[in-house]
Undergrad: 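Starting off with a structure, shown below.
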Protein chains: 2
Amino acid sequence: MDNKYTNNNPPGLSSSEDDSLAATGMRAADTLLRLVPMGLCIAALIVMLKNSEANDYGSVAYSDLGAFKFLVHANGICAGYSFLSAAVAAMSPPSTLSKAWTLFFLDQLLTYLTLAAGTVSTEVLYLAYNGDKEITWSAACGTFGKFCSKATASVVITFVVVAFYAFISILSSYKLFSRYNAPLPHPNSKQQLQTPVFHG
Amino acid sequence: MDNKYTNNNPPGLSSSEDDSLAATGMRAADTLLRLVPMGLCIAALIVMLKNSEANDYGSVAYSDLGAFKFLVHANGICAGYSFLSAAVAAMSPPSTLSKAWTLFFLDQLLTYLTLAAGTVSTEVLYLAYNGDKEITWSAACGTFGKFCSKATASVVITFVVVAFYAFISILSSYKLFSRYNAPLPHPNSKQQLQTPVFHG
């Protein structure tokens with residue numbers, strides 16, 4: 001695929017100070033956009049980790065439910081990845097093609113991971129609030145109301161993270177694929193490389 | 001964003017027969033790639049729709065569980081969208097920018113929708129197979145084994161659809177964003193539009 005990568009910049013145009021300012025601004029925006037979900041993931045993780053309730057009917061903790069354990073792990077991975085990718089976005093200005101591909105794939109993966117964790121936990125909460133008579137599952141939130149509302153808070157934060165990552169993966173796919181030429185209806189990208197450019 | 005759209009093809013190069021053959025081949029591949037998940041979605045939908053079991057302990061149907069109803073709806077939407085988008089991909093050769101944006105957004109949405117339906121149903125199946133002692137939910141698959149294995153089949157097919165749609169959305173984001181110039185380190189895309197091209 002490397003042979004399709006073209007530098008469309010005419011060599012006659014030197015990069016001005018405006019361009020480097022725009023580059024710095026864009027890098028700062030990219031870094032910030034990754035630090036916000038980092039904070040949100042840590043918040044969702046802590047809210048769920050500290051979530052337990054004991055009363056006369058018994059006790060319940062997040063670790064009693066596989067879905068909530070998955071949510072905690074997913075938020076931990078998300079916080080770590082967000083921090084690392086923010087550091088990468090902030091520190092190294094020359095954006096290479098392999099870096100763009102890596103960020104693209106990992107951003108997509110994180111979106112799918114956080115979405116899966118959020119939906120799985122939503123389903124458990126739905127069952128915990130409503131129960132399911134047909135298969136004799138009782139509504140647990142009647143007796144463990146505080147536990148359920150804290151879990152709901154953690155899940156809502158996780159869905160905000162999903163929205164951030166859906167946006168981040170659109171941006172990183174833009175950054176990756178805008179380096180390539182349009183596949184069709186203009187497939188002669190190789191010929192373009194040899195087209196002489198007249199600098200007026 | 002329209003002002004950043006550049007046609008990089010020098011007007012001096014006429015599109016050869018090879019190019020139109022490649023265009024036809026690519027359109028056919030795109031159409032096929034959307035017809036396969038259409039078939040899979042219909043299969044997953046039918047398997048789940050016909051899924052019910054009655055025995056001495058009682059009866060259970062897919063409609064008793066919200067997650068499985070969601071799976072059926074998601075697979076129905078997926079089948080319909082796959083068919084429509086395959087028709088769009090097959091019929092109209094001039095790929096406009098708005099068409100590329102529409103396909104890009106809807107493909108992403110379908111990926112998220114099928115992933116959510118698959119994970120939610122997986123969680124219900126996990127609970128149905130294993131139960132959860134702490135919140136007194138019993139394992140239902142001991143008494144409804146046939147129901148659970150058919151539901152598992154439907155969920156597995158749905159995850160194959162997710163893989164197809166993850167790939168389709170990568171392709172459609174490539175098709176969309178390769179029309180734009182790289183944002184950085186070459187941000188002077190506007191100037192490029194006015195660069196005169198010398199036809200050698």
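Fair warning: this is a prediction, and the values are worked out from it, not measured in the lab. Only this structure's heavy atoms are used, side chains among them; waters, hydrogens and symmetry mates stay out. In the text below, chain A, chain B and the rest are named by the order of the sequence lines, each starting its count at 1.
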Undergrad: Taking the side chain as everything from C-beta on, heavy atoms only, tell me whether T111(A) gets closer than 4.5 Å to Y112(B).
TA: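 With C-beta onward as the side chain, the pair touches.
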
Undergrad: Say whether F68(B) and L113(B) are linked into one hydrophobic cluster, either directly or through other cluster members, by side-chain heavy-atom distances under 4.5 angstrom.
TA: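 Different clusters: F68(B) never reaches L113(B) through Ile, Leu, Val, Met, Phe, Trp or Tyr contacts under 4.5 Å.
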
Undergrad: With only heavy atoms counted, which part of S169(A) is less than 4.5 Å from chain B, the side chain, the backbone, both or neither?
TA: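 When you check distances to chain B, only side chain atoms of S169(A) fall under 4.5 Å.
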
Undergrad: Answer yes or no: are there more than 12 heavy-atom neighbours, outside Y129(A) itself, under 6.0 Å from its atom OH?
TA: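 Atom OH in Y129(A) is crowded, with more than 12 foreign heavy atoms closer than 6.0 Å.
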
Undergrad: Where on V162(B) is there a heavy atom nearer than 4.5 Å to chain A: the side chain, the backbone, both, or neither?
TA: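 The answer is neither part of V162(B).
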
Undergrad: If hydrophobic clusters are built from ILVMFWY residues whose side chains come within less than 4.5 Å, do F164(B) and L110(B) share one?
TA: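 Yes: a chain of side-chain contacts under 4.5 Å links F164(B) to L110(B).
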
Undergrad: Looking at I170(A) and F104(B), what are the two nearest heavy atoms and their distance?
TA: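 I170(A) and F104(B) have their closest heavy atoms at CG1-CZ, 3.7 Å.
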
Undergrad: Indicate, with yes or no, if V160(B) and I42(B) share a hydrophobic cluster defined by side-chain heavy-atom contacts under 4.5 Å among Ile, Leu, Val, Met, Phe, Trp and Tyr.
TA: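 No, because I42(B) and V160(B) fall into different hydrophobic clusters, even though each may have its own neighbours under 4.5 Å.
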
Undergrad: For D64(B), which atoms come within 4.5 Å of any heavy atom of chain A: side chain, backbone, both, or neither?
TA: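 Both parts, backbone and side chain.
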
Undergrad: More than 12 heavy atoms of other residues, nucleotides or ligands under 6.0 Å from CZ of F159(B): is that the case?
TA: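 Atom CZ in F159(B) is crowded, with more than 12 foreign heavy atoms closer than 6.0 Å.
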
Undergrad: Around F70(B), counting heavy atoms of other residues, nucleotides and ligands shown, do more than 12 lie under 6.0 Å from its CZ?
TA: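 Buried by this count: over 12 neighbours within 6.0 Å.
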
Undergrad: Side chain, backbone, both or neither: which part of T122(B) has a non-hydrogen atom closer than 4.5 Å to chain A?
TA: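 Interface part for T122(B): neither.
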
Undergrad: Got V120(B) and V120(A) here, is their nearest side-chain heavy-atom distance under 4.5 Å?
TA: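 A side-chain contact under 4.5 Å is absent here.
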
Undergrad: Shared ILVMFWY cluster between V124(A) and I157(A), side chains joined below 4.5 angstrom?
TA: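 No, no single cluster joins them.
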
Undergrad: Against chain A, label A61(B) side chain, backbone, both or neither, depending on which of its atoms sit under 4.5 Å from a heavy atom there.
TA: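 Neither the backbone nor the side chain of A61(B) comes within 4.5 Å of chain A.
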
Undergrad: In this structure, would F83(B) and I77(B) fall into the same cluster of hydrophobic residues linked by side-chain contacts under 4.5 Å?
TA: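 Different clusters.
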
Undergrad: At a 4.5 Å cut-off on heavy atoms, which part of A140(B) comes close to chain A: side chain, backbone, both, or neither?
TA: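 Side chain only.
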
Undergrad: Going through the distances and angles, do L127(A) and W137(B) end up as a side chain to side chain contact (heavy atoms under 4.5 Å, CB included)?
TA: CA-CA 10 Å; L127(A) 287 171; W137(B) 289 347; 3.5 Å; yes

Undergrad: Given that the side chain runs from C-beta out, which part of F105(B) has a heavy atom under 4.5 Å from chain A: side chain, backbone, both or neither?
TA: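 Side chain of F105(B) only, per the 4.5 Å heavy-atom cut-off to chain A.
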
Undergrad: Output the distance between atom CG (L176(B)) and atom OH (Y174(A)), rounded to the nearest 0.5 Å.
TA: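 If I round to the nearest 0.5 Å, the distance is 10.0 Å.
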
Undergrad: Return the option, out of A67(A), G66(A), A117(A), with the maximum number of heavy-atom pairs under 4.5 Å with chain B.
TA: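 So the answer, after comparing A67(A), G66(A), A117(A), is A67(A).
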
Undergrad: Nearest 0.5 Å please: distance from the CZ atom of F177(B) over to the CZ atom of R179(A).
TA: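 The distance works out to 14.5 Å.
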
